[in-house]
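Each remark here refers to the structure printed beneath this line.
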Number of protein chains: 2
Amino acid sequence: MSRKPADELSRRERQIMNIVYARGEASAAEVQSGLPDAPSYSAVRALLAILVDKGQLKHRSEQGRYIYAPTRRRSHVGRSALRRVLDTFYEGSLEKAVAALLQGSEANLSPEELARLSELIEQARKEGR
Amino acid sequence: MSRKPADELSRRERQIMNIVYARGEASAAEVQSGLPDAPSYSAVRALLAILVDKGQLKHRSEQGRYIYAPTRRRSHVGRSALRRVLDTFYEGSLEKAVAALLQGSEANLSPEELARLSELIEQARKEGR
DNA sequence: CACCTCATGCTAATAAATTAGCATCATGAG
DNA sequence: CTCATGATGCTAATTTATTAGCATGAGGTG
């Protein structure tokens with residue numbers, strides 16, 4: 001079992017990475033406001049520095065303050081995270097996962113989204129032939 | 001931003017929960033063998049005890065040893081984890097996530113799975129009308 | 001029944017994560 | 001130019017997580 005980068009992150013570090021990935025990039029203050037049970041500004045900056053050290057984040061200076069962004073591409077990390085969820089909860093099956101989401105009582109997909117999804121699947125079927 | 005249960009777990013605790021969810025249930029030894037950089041058997045048992053304490057796991061005695069299982073239903077936790085990934089990496093869009101997986105170079109879906117997926121989508125479209 | 005094996009419950013020590021405070025430096029206003 | 005504002009880089013302390021060892025008890029075997 002190979003160890004994924006996410007396995008190396010502590011609780012707070014993970015929370016922060018989630019926020020940064022969700023936003024694309026963020027300042028220390030923005031990260032702080034996104035954290036549950038937010039600690040001091042100091043604490044947040046310390047964690048951010050650690051993440052930079054670990055190579056998870058990079059920062060650029062903009063208007064006198066640091067803006068943090070992930071070093072690894074969102075698309076890669078996202079796919080990997082998605083796979084992990086599929087493996088952990090759905091035997092690795094995308095089908096089961098989609099079924100679970102669609103069955104959720106909470107209506108979540110617009111007709112347009114469903115249509116586009118359908119389109120995607122059909123296309124994959126043709127190409128996969 | 002409400003704090004999800006997964007936010008309360010430490011690195012090792014999370015790894016263990018993933019293993020248990022993936023297997024459905026597991027003994028201490030099984031958990032240990034599934035952990036990357038596996039620590040001592042003692043350490044694993046200590047973590048398991050903590051998880052029971054936190055209400056994440058329950059255990060039953062079977063053939064003289066404990067078998068651990070999650071207290072919360074796999075389907076619930078899985079949906080929640082899936083949603084989190086969608087929110088963090090795909091703007092909450094299932095469509096984008098599926099597209100990302102399908103475009104992955106690594107062929108991953110069998111024609112049968114694609115067919116069933118297609119079926120699921122169509123059904124959702126009809127019901128959603 | 002006596003013994004061997006294996007799992008548990010505790011206790012304790014070490015390592016890592018999390019937090020905060022302070023001195024310093026840059027920026028923009030007056 | 002001088003000052004007020006806000007961000008940074010350190011340093012240090014505390015809390016939490018992680019790890020391992022040991023004594024005890026249950027169960028099965030000869």
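Here is the naming used below: chain letters follow the sequence lines, and residue numbers restart at 1 for every chain.
- Side-chain N or O atoms of B:Ser80 include none that pairs as donor or acceptor with a backbone N or O of B:His76 at under 3.5 Å.
- Grouping the Ile, Leu, Val, Met, Phe, Trp and Tyr side chains by contacts below 4.5 angstrom, directly or via other members, places B:Tyr21 apart from B:Ile67.
- At whole-Å resolution of the value, CD in B:Glu62 and P in C:dT8 are 12 Å apart.
- B:Thr88 places no side-chain N or O within donor-acceptor distance of the main-chain N or O of A:Asn18, the cut-off being under 3.5 Å.
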Next on the checklist: What verdict does the side chain to side chain contact (heavy atoms under 4.5 Å, CB included) test give for A:Ile16 and A:Tyr68, after you've listed the backbone C-alpha separation in whole Å, the side-chain angles of each residue and the deciding distance to 0.1 Å?
Outcome noted: CA-CA 11 Å; A:Ile16 290 177; A:Tyr68 295 84; over 6 Å; no
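- As rounded to whole Å, 9 Å separates atom P of D:dT8 from atom NE2 of A:His59.
- Taking all atoms of both residues into account, the shortest heavy-atom contact from B:Leu114 to A:Arg125 is CB-CG, 3.6 Å.
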Checklist entry - Can you list the steps and then say if A:Leu109 with A:Leu101 is a side chain to side chain contact (heavy atoms under 4.5 Å, CB included)? => result CA-CA 9 Å; A:Leu109 293 212; A:Leu101 267 196; over 6 Å; no
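- When the P atom of D:dA26 is taken as reference, atom OH of B:Tyr66 falls 12 Å away, rounded to whole Å.
- Here D:dT5 presents its P atom at 18 Å from CZ of A:Arg65, a figure rounded to the nearest Å.
- Taking all atoms of both residues into account, the shortest heavy-atom contact from A:Tyr90 to B:Gly78 is OH-C, 3.2 Å.
- Contacts of residues 23-33 of chain A with DNA chain C (heavy atom under 4.0 Å): none.
- Rounded to a whole Å, the CG atom of B:Asp53 is 13 Å from the C1' atom of C:dG9.
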Next on the checklist: Base contacts versus sugar-phosphate-only contacts with protein, heavy atoms under 4.0 Å: please encode nucleotides 18-30 of chain C as B, S and - from 5' to 3'.
Outcome noted: BBBB---------
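- Both A:Val52 and A:Val31 are part of a single hydrophobic cluster, where members link through side-chain heavy atoms under 4.5 Å apart.
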Checklist entry - Could you walk me through whether B:Lys54 and B:Glu8 pass the salt bridge (charged side-chain N to carboxylate O under 4.0 Å, His left out) check? => result CA-CA 9 Å; B:Lys54 290 191 177 180; B:Glu8 301 300 301; over 6 Å; no
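- Summarising the geometry, the separation between CD1 on B:Ile16 and C1' on D:dT19 is reported as 12 Å, rounded to the nearest angstrom.
- The nearest whole Å value for the distance from the OH atom in B:Tyr68 to the P atom in C:dA7 is 11 Å.
- Between A:Leu48 atom CG and D:dA7 atom P there is a gap of 13 Å when expressed in whole angstrom units.
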